[in-house]
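For ligands, and for the atoms within them, numbers begin at 1 and follow the listed sequence. This is a predicted model, so every value here is computed, not measured.
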Amino acid sequence: MKELPSIEQLVPKHVAIIMDGNGRWAKQRGKIRTSGHKAGAEAVRKAVAFARRNGIESLTLFAFSSENWKRPAKEISVLMELFMSVLKSEIKKLDDNHICLRIIGDKGAFSKRLQRQMNEAEQQTRSNSGLNLNIAANYGGQWDITQASRKLAEKVKANEIDPAEITEQAIAGELMMADQPLPDLLIRTGGEHRISNFLLWQLAYAELYFTSVLWPNFDDTVFARAITDFAQRERRFGLTSEQLTVLMQDIETRIEE
Ligand code: IPE
Ligand code: IPE
Ligand code: MG
């Protein structure tokens with residue numbers, strides 16, 4: 001009999017997550033929206049640990065979109081403080097776990113203090129190779145494609161390339177995370193079925209997984225369910241679904257251990 005693939009082969013290389021539903025989670029509990037963001041930060045910790053443990057190469061989390069500036073000033077300022085304190089308190093742990101942190105997005109709009117903290121965290125973890133953790137902050141898919149186009153236009157202006165050399169590959173090479181595998185699985189929590197201007201180019205072939213679970217309730221079981229679903233859709237490796245079920249039970253047992 002043909003050998004079964006390893007669990008590592010079934011796990012996506014790059015998972016991107018739209019972490020939605022913090023506000024509704026808080027509302028359900030009669031609390032203010034920002035308490036949902038605080039609970040959401042806990043769920044981020046769990047998701048990162050899960051990805052690290054299960055051999056996912058890259059995890060990209062949508063933390064703040066370019067459209068989120070339209071929210072009430074108070075909510076924005078709590079979110080900024082939360083980024084700041086989480087960066088400060090978690091960076092050593094990320095480094096100890098060999099996680100390479102990168103902030104993707106237009107950092108220029110953040111306070112100087114936050115930008116400094118972001119840059120320091122990136123510097124400290126830059127040579128780690130355990131897991132690429134990309135935090136999308138002030139990120140928009142349209143912004144990403146625009147900044148890539150601008151870089152290429154500058155190269156044309158400097159006579160480094162010819163307009164004919166602006167190919168799909170050239171654009172892809174200037175996008176955020178060009179050095180990482182493309183996301184093969186997108187998860188969106190919170191029940192909406194849209195991309196909300198997240199990774200537009202990079203998601204061209206990703207499997208999309210939507211769950212109504214609100215982000216603060218996201219845990220290992222929900223993550224494992226998304227991976228199981230992905231493996232069944234995408235990575236059959238010519239196996240029957242019965243064989244896959246056996247393998248997936250194995251993954252879930254490992255997670256429970
Ligand atoms: C996602 O949760 C977190 C951010 C956008 C920062 P929301 O704050 O959008 O929560 P809902 O969608 O209102 O429940
Ligand atoms: C998407 O959630 C952005 C993040 C999770 C950071 P939103 O709640 O902002 O998206 P919409 O408004 O439902 O499209
Ligand atoms: Mg939302």
Side-chain angles (χ1 to χ4, degrees), residues 14-48 50-51 58-87 89-90 101-111 114-115 117-118 132-147 175-177 183 185-203 206-219 222-223 226:
H14 187 165
V15 179
I17 308 184
I18 301 178
M19 311 184 288
D20 196 20
N22 294 351
R24 278 163 286 165
W25 181 91
K27 200 171 170 199
Q28 277 180 357
R29 285 164 177 72
K31 295 183 182 168
I32 51 167
R33 292 180 55 81
T34 48
S35 76
H37 297 315
K38 286 178 190 147
E42 258 322 299
V44 168
R45 258 181 225 119
K46 285 187 202 156
V48 171
F50 180 99
S58 292
L59 177 68
T60 301
L61 303 176
F62 204 7
F64 192 83
S65 78
S66 33
E67 289 71 35
N68 289 145
W69 294 110
K70 295 179 197 145
R71 294 194 175 194
K74 179 75 195 133
E75 180 170 345
I76 294 176
S77 84
V78 170
L79 278 168
M80 296 301 142
E81 279 312 310
L82 194 60
F83 291 151
M84 190 75 196
S85 69
V86 169
L87 277 173
S89 65
E90 296 298 304
L101 176 81
R102 207 177 299 168
I103 311 293
I104 61 162
D106 189 357
K107 284 189 264 186
F110 296 119
S111 72
L114 185 52
Q115 285 185 51
Q117 191 70 42
M118 287 173 164
N132 295 307
L133 173 61
N134 311 296
I135 303 292
N138 194 21
Y139 179 88
Q142 292 169 345
W143 166 83
D144 197 358
I145 297 168
T146 306
Q147 67 80 28
L175 292 171
M176 298 286 121
M177 312 186 290
L185 171 65
L186 169 81
I187 300 173
R188 180 172 186 145
T189 62
E192 310 294 352
H193 294 183
R194 55 177 173 257
I195 303 287
S196 295
N197 196 19
F198 195 26
L199 306 157
L200 297 179
W201 181 291
Q202 297 90 331
L203 291 176
E207 289 289 331
L208 309 180
Y209 182 86
F210 299 101
T211 167
S212 58
V213 169
L214 303 173
W215 178 252
N217 292 330
F218 190 87
D219 60 11
V222 186
F223 208 157

Checklist outcome for this item: When distances are taken from atom 10 (O) of ligand 1, the protein heavy atom at minimum range is Gly23 N, 2.9 Å

Item to check | Backbone or side-chain N or O of Asn68 under 3.5 Å from ligand 1 N or O | outcome: no

Checklist entry - Who's closest to atom 9 (O) of ligand 1 heavy-atom-wise, of Arg71, Arg33, Met19? => result Arg71

Next on the checklist: Within ligand 2, which atoms have a heavy atom of Ser196 less than 4.0 Å away?
Outcome noted: 10 (O), 11 (P), 14 (O)

Next on the checklist: As a quick check of understanding, evaluate side-chain hydrogen bond (donor to acceptor under 3.5 Å, both in side chains) for Asp144 and Gln202, giving each step before the final call.
Outcome noted: CA-CA 10 Å; Asp144 197 358; Gln202 297 90 331; 3.0 Å; yes

Item to check | Any side-chain heavy-atom pair of Ser65 and Asn197 under 4.5 Å | outcome: no

Next on the checklist: Contact between Phe110 and Met80 at the side-chain level, heavy atoms closer than 4.5 Å - yes or no?
Outcome noted: yes

Checklist entry - Tell me, do Pro183 and Leu199 make a side-chain contact under 4.5 Å, heavy atoms counted? => result yes

Checklist entry - Is ligand 1 less than 4.0 angstrom away from at least one heavy atom of Gly21? => result yes

Checklist entry - With backbone taken as N, CA, C and O and side chain as the heavy atoms from C-beta onward, which portion of Leu214 lies under 4.0 Å from ligand 1: side chain, backbone, both, or neither? => result neither

Checklist entry - For residues 77-87, which residue pairs qualify under side chain to side chain donor-acceptor pair (under 3.5 Å), counting only residues two or more places apart or in two chains? => result Glu81-Arg113

Next on the checklist: Using a plain distance cutoff, I'd like to know if Asn22 has any nitrogen or oxygen under 3.5 Å from a nitrogen or oxygen of ligand 1.
Outcome noted: yes

Item to check | Check: Lys27 and Ile32 side chains under 4.5 Å, non-hydrogen atoms | outcome: no

Checklist entry - From the Mg ion (ligand 3), how many protein N/O/S atoms are found at a distance short of 2.8 Å? => result 1

Checklist entry - With a 4.0 Å cut-off on heavy atoms, does Lys70 reach ligand 2? => result no

Checklist entry - Which residue, Phe198, Trp215, Phe210, forms the side-chain contact (heavy atoms from CB on, under 4.5 Å) with Ile18? => result Phe198

Checklist entry - Quick one: does Glu192 get a heavy atom under 4.0 Å from ligand 1? => result no

Checklist entry - By number and element, which atoms of ligand 2 are closer than 4.0 Å to a non-hydrogen atom of Arg194? => result 11 (P), 13 (O), 14 (O)

Next on the checklist: Would Ser65 count as being in polar contact with ligand 2, using the rule that some N or O on each side must be under 3.5 angstrom apart?
Outcome noted: no

Checklist entry - Near Arg24, which atoms of ligand 1 are under 4.0 Å from a heavy atom of that residue? => result 11 (P), 12 (O), 14 (O)

Checklist entry - Against heavy atoms of His37, which atoms of ligand 1 measure under 4.0 Å? => result 3 (C), 6 (C), 8 (O)

Item to check | Atoms of ligand 2, numbered as shown, that sit under 4.0 Å from any heavy atom of Ile18 | outcome: 1 (C), 5 (C)

Next on the checklist: Please determine whether the number of non-hydrogen atoms from other residues, nucleotides or ligands lying under 6.0 Å from atom CD of Gln142 exceeds 12.
Outcome noted: no

Checklist entry - Does at least one non-hydrogen atom of Ala63 fall below 4.0 angstrom from an atom of ligand 1? => result yes

Next on the checklist: Within the 4.0 Å heavy-atom shell around Arg188, which atoms of ligand 2 are there?
Outcome noted: 2 (O), 10 (O), 11 (P), 13 (O)

Next on the checklist: Does any part of the side chain of Tyr139, heavy atoms only, come nearer than 4.5 Å to the side chain of Asp106, both counted from C-beta?
Outcome noted: no

Next on the checklist: Ser196 vs Arg188, test: side-chain hydrogen bond (donor to acceptor under 3.5 Å, both in side chains). Steps then yes/no.
Outcome noted: CA-CA 10 Å; Ser196 295; Arg188 180 172 186 145; 2.8 Å; yes

Item to check | Lys/Arg cation over aromatic Trp69: Arg71, 6.0 Å, 45° cone | outcome: no

Checklist entry - Are Thr60 and Met177 close enough that some pair of their side-chain heavy atoms sits under 4.5 Å apart? => result yes

Checklist entry - Is Ile195 close to Leu203 at the side-chain level, that is, under 4.5 Å between some pair of heavy atoms? => result yes

Item to check | Contact atoms of ligand 2, heavy-atom distance to Phe64 under 4.0 Å | outcome: 6 (C)

Checklist entry - Got Glu192 and Asp20 here, is their nearest side-chain heavy-atom distance under 4.5 Å? => result yes

